[in-house]
Amino acid sequence: MKAAKRYPFLALQQQRLQLHFANHSSITDIPSERSFYRWIWQALKNEYRQAEISLIFLDEAEARAYNRDYRGKDYATNILSFALNEGEQLFGQHESSLQGDLVICPQVVLKEAVEQNKTPEQHFAHLALHGTLHLMGYDHIEDEEAEIMEGLEIRLMNQLAYPNPYAQDGI
């Protein structure tokens, strides 16, 4: 018997979220595609009926080039979010649809995990949620926006049975 017949929720979930997963980095010890799917799903399941997200892992040189070219910052960062429909609705797209790309630099994530005394899994989970929230329109430029976004990240991480990612910051 097919898994979709035994588990109709999984078939529905896969219709609602399409995740395109590509590791173009030299780091092979990253969480599974299934883990990223679960984390991203947790962030968007209550707000979007459909989502299509590309999740790409790049080494530091390529991640640095993306950060420089798109954000004007000449260093590799942990995650970059590119919403395909930022502030506009694309033809044939419903309001409850989300499309975008997440670019992760595993070298930066692993280095930060050590510096922040977190497991790599915890940090990857947090950044997957963080990046997805950016795709959804959340931001942390202004203090009020940051408070909202960080509160949501803490709640989502707790729902996934992970600790507060900002605990070391005293939040």
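A donor-acceptor contact closer than 3.5 angstrom is absent between the side chains of Glu62 and His24. With hydrogens and angles left out, the side-chain atoms of His140 and Glu150 include no donor and acceptor closer than 3.5 Å.
Across all non-hydrogen atoms, the minimal contact from Glu33 to Leu19 is OE2-O, 3.7 Å. Residue Pro106 comes nearest to Leu58 through the heavy atom pair CD-O, 3.4 Å, listed as atom of the first residue, atom of the second, then distance. The heavy-atom pair separating Leu135 from Ala83 by the smallest distance is CD2-N, 3.5 Å. The heavy-atom pair separating Ser26 from Gln107 by the smallest distance is OG-NE2, 3.6 Å. Of all heavy-atom pairs between Gly131 and Ile79, the closest is CA-CD1, 3.9 Å. When all heavy atoms are compared, the tightest approach of Cys105 to Glu60 is SG-CG, 3.6 Å.
For Lys73, the NZ atom counts as loosely surrounded, since its 6.0 Å shell holds 12 or fewer non-hydrogen atoms of other residues, nucleotides or ligands. For Glu142, the CD atom sits in a loose shell: 12 or fewer heavy atoms of surrounding residues, nucleotides or ligands are nearer than 6.0 Å. No more than 12 heavy atoms of other residues, nucleotides or ligands sit less than 6.0 Å from atom CG of Asn117. Counting non-hydrogen atoms of neighbouring residues, nucleotides and ligands closer than 6.0 angstrom, the CD atom of Glu145 exceeds 12 such neighbours. For Asp69, the CG atom sits in a packed shell: over 12 heavy atoms of surrounding residues, nucleotides or ligands are nearer than 6.0 Å.
Tyr162 places no side-chain N or O within 3.5 Å of a backbone atom of Ile154 that could act as its donor or acceptor partner. At least one donor-acceptor pair under 3.5 Å links the side chain of His134 to the backbone N or O of Tyr138. Side chain of Asp59 to main chain of Ala61: no donor-acceptor pair is present (N/O by atom type, distance under 3.5 Å, no hydrogens or angles). Checking side-chain atoms of Arg49 against main-chain N and O of Arg16 turns up no donor-acceptor pair under 3.5 Å. Checked by atom type and distance alone, the side chain of Thr132 pairs as donor or acceptor with a backbone atom of Ala128 at under 3.5 Å. Side-chain atoms of Ser97 do not come within 3.5 Å of backbone N or O of Ala51 as any donor-acceptor pair. Under the 3.5 Å distance criterion, the side-chain polar atoms of Gln122 are matched with a main-chain donor or acceptor of Thr119. With Asn67 contributing its side chain and Tyr75 its backbone, the two residues share a donor-acceptor pair below 3.5 Å.
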message: Walk me through whether Ile53 and Gln99 qualify under side chain to side chain contact (heavy atoms under 4.5 Å, CB included).
response: CA-CA 6 Å; Ile53 296 174; Gln99 293 180 311; over 6 Å; no
task: Begin from the C-alpha positions of Asp101 and Leu80 and carry the test side chain to side chain contact (heavy atoms under 4.5 Å, CB included) through to its verdict.
output: CA-CA 8 Å; Asp101 298 328; Leu80 293 167; over 6 Å; no
task: Determine, stepwise, if the pair Ile104 / Leu55 fulfils side chain to side chain contact (heavy atoms under 4.5 Å, CB included).
output: CA-CA 8 Å; Ile104 294 178; Leu55 177 60; 3.6 Å; yes
- prompt: Between Glu121 and Trp39, is a side chain to side chain contact (heavy atoms under 4.5 Å, CB included) present by the stated rule, with each step listed?
  reply: CA-CA 11 Å; Glu121 180 182 338; Trp39 301 329; 3.9 Å; yes
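To the nearest 0.5 Å, atoms OG1 (Thr77) and CZ (Arg71) are separated by 5.5 Å. His130 NE2 to Asn78 CG: the interatomic distance, rounded to the nearest 0.5 Å, is 7.0 Å. Remark: Asn23 CG to Ile56 CD1 distance equals 11.0 Å, nearest 0.5 Å. A distance of 12.0 Å separates CD in Glu153 from CD1 in Ile148, rounded to the nearest 0.5 Å. Between the CZ atom in Phe124 and the OG atom in Ser35 there is a gap of 11.0 Å [rounded to 0.5 Å]. Atom CD of Glu144 is separated from atom CE of Met149 by 15.0 Å, given to the nearest 0.5 angstrom.
Side-chain contact check for Leu98 versus Met136: some heavy-atom pair is nearer than 4.5 Å. Within the 4.5 Å cutoff, the side chain of Phe82 has no heavy atoms near those of the Ser54 side chain. Between Asn164 and Met157 the shortest side-chain heavy-atom distance does not fall below 4.5 Å. When side chains are defined from C-beta on, Ile40 counts as touching Leu102, because their heavy atoms get closer than 4.5 Å.
Residues His126 and Tyr166 place their aromatic rings such that the two centres sit under 6.0 Å apart. A ring-centre distance under 6.0 Å is found for Phe57 and Phe21.
For Lys111, the salt bridge (charged side-chain N to carboxylate O under 4.0 Å, His left out) partners at least two apart in sequence or on another chain are Glu115.
Hydrophobic clustering (side-chain heavy atoms under 4.5 Å, transitive across Ile, Leu, Val, Met, Phe, Trp, Tyr) groups Leu127 together with Leu152.
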